[in-house]
Every structure is written in C-alpha cells, then in structure tokens.
Amino acid sequence: MPPSEEQWEVFLEELRQHATVKRAAKAAKIHHSTVYERLAKDEVFRRVVEEALEVGAVALEQEAIRRAVEGVKEPVFYQGQKVDTVTRYSDTLLIFLLKGLKPERYKDRHEHTGPGGGPIQVISIEVVPPDDA
C-alpha cells in the first residue's frame, strides 16, 4: 500500500526540521527508497522536498551557531552524583561557520598563483663548473 498523504506530511515536516531524507522517511514510516522513487517521477514533489531541505539546512545552521556561541550544558559528576554543570562550546563548529560566512578570510588557502593571482615567477640559475683546463 502506498504512503498516505498524512505520512508524506510527516515526512516533509521532519525534513524541514532535520534535513535528512532517511530520518524523515523513518519518522513517517515510509521506506527511503519509496521517497527516491517518487522524487525521480514527481517534479512537483521534488521541488517541495528541495524547499524542505533548505528550511532544514537553516535549522541545522541555527543549531550549529547556538552550540558554537551559546554552548551546551553538560552535567559534572563526582562519585556518581551530579554536582554541577559546565558549558561546553564547539570550536570546530565555530571554525566551519566562519569559513562558510567569510570564506575570503577563513578558507583554507591552496593558492597556486603568484601575488594577486598573477603568474608564478620562475627564476632559473645555471651552475657552471669551473674550467680546470
């Protein structure tokens, strides 16, 4: 039996929240291969899925910013008892966010050109052995 409209709505809502087709399909109780089959056949559905993935990507980006900047509270235990919490920040997420938002400043540099994007200057030096004659 094909998935119901309600299942497809659950799928799309989950996709908007997490941007993961397999997770959304599981939440909607639809096999992920069924999703891919419909994507291949239904242009309107494909556009709706692309829009849902964009919304999901924004949600993931917002969560990454929260974890990088505001941090996540983690419990601290002593002798099996929770005694405090500590806020952990994600330097890795912060690096990725900066690289994405300001690539001209933070991207990994692999330039194979000369200064200002110009050609690389090559200097050739010829070594001539002394004339022992």
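Annotation: the span from S33 atom OG to R38 atom CZ amounts to 14.0 Å, rounded to 0.5 Å. Taken to the nearest 0.5 Å, the CG atom of L15 stands 11.0 Å off from the CD atom of E54. Between the CG atom in L12 and the CD atom in E51 there is a gap of 10.0 Å [rounded to 0.5 Å]. Here the OG1 atom belonging to T20 is positioned 8.5 Å from the CG atom belonging to L53, to the nearest 0.5 angstrom.
Distance alone, capped at 3.5 Å, is enough to place a donor-acceptor pair between the Q7 side chain and the S4 backbone.
By the 4.5 Å heavy-atom criterion applied to side chains, T87 and V72 are not counted as neighbours. Side-chain contact between V21 and Y36 is present, with at least one heavy-atom pair separated by less than 4.5 Å.
Note on residues 65-104: no pairs pass ring-ring contact (aromatic ring centres under 6.0 Å, His included), not counting sequence neighbours. Pairs passing the side chain to side chain donor-acceptor pair (under 3.5 Å) check and including a residue from residues 90-104, sequence neighbours excluded, read K99-D108. Under the side chain to side chain donor-acceptor pair (under 3.5 Å) criterion, the residue pairs touching residues 58-68 are E63-R66, E63-R67, with sequence neighbours excluded. For the ring-ring contact (aromatic ring centres under 6.0 Å, His included) condition, the pairs that include at least one residue of residues 1-20, sequence neighbours left out, are W8-F11, W8-F45.
In this structure, V127 shares a hydrophobic cluster with no other residue, the cluster being traced through Ile, Leu, Val, Met, Phe, Trp and Tyr side chains under 4.5 angstrom apart. Taking Ile, Leu, Val, Met, Phe, Trp and Tyr as members and joining any whose side-chain heavy atoms lie under 4.5 Å apart, directly or through other members, the hydrophobic cluster of I123 also contains I125.
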task = Report the C-alpha separation of R46 and E50 in whole Å, then their side-chain angles, then the decisive distance to 0.1 Å, and conclude whether the salt bridge (Lys or Arg N to Asp or Glu O under 4.0 Å) test is met.
result = CA-CA 6 Å; R46 188 178 60 74; E50 287 173 357; 2.4 Å; yes

*asked:* Go through it in stages, so that I can follow the logic: the residues are R47 and E43, the test is salt bridge (Lys or Arg N to Asp or Glu O under 4.0 Å), and I'd like the CA-CA distance, side-chain angles, deciding distance and then a yes or no.
replied: CA-CA 6 Å; R47 284 195 304 268; E43 178 69 26; 3.5 Å; yes

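The shortest non-hydrogen separation linking P3 to T34 is CG-CG2, 4.0 Å. Nearest heavy atom pair, residue E14 against residue R23, reads OE2-NE, 3.0 Å. Between A59 and Q17, the shortest heavy-atom distance links the atoms CB-O, 3.8 Å. Closest approach of L93 to A68, counting heavy atoms only: CB-CB, 4.0 Å. Contact detail for A25 and H31: the closest heavy-atom pair is CB-C, 4.4 Å. Looking at every heavy atom in both residues, A19 comes nearest to A57 through CB-N, 3.9 Å.
In this structure, L39 is a member of the same hydrophobic cluster as I30, with clusters built from ILVMFWY side-chain heavy atoms closer than 4.5 Å.
In this structure, a donor-acceptor pair under 3.5 Å is absent between the side chains of T85 and K73.
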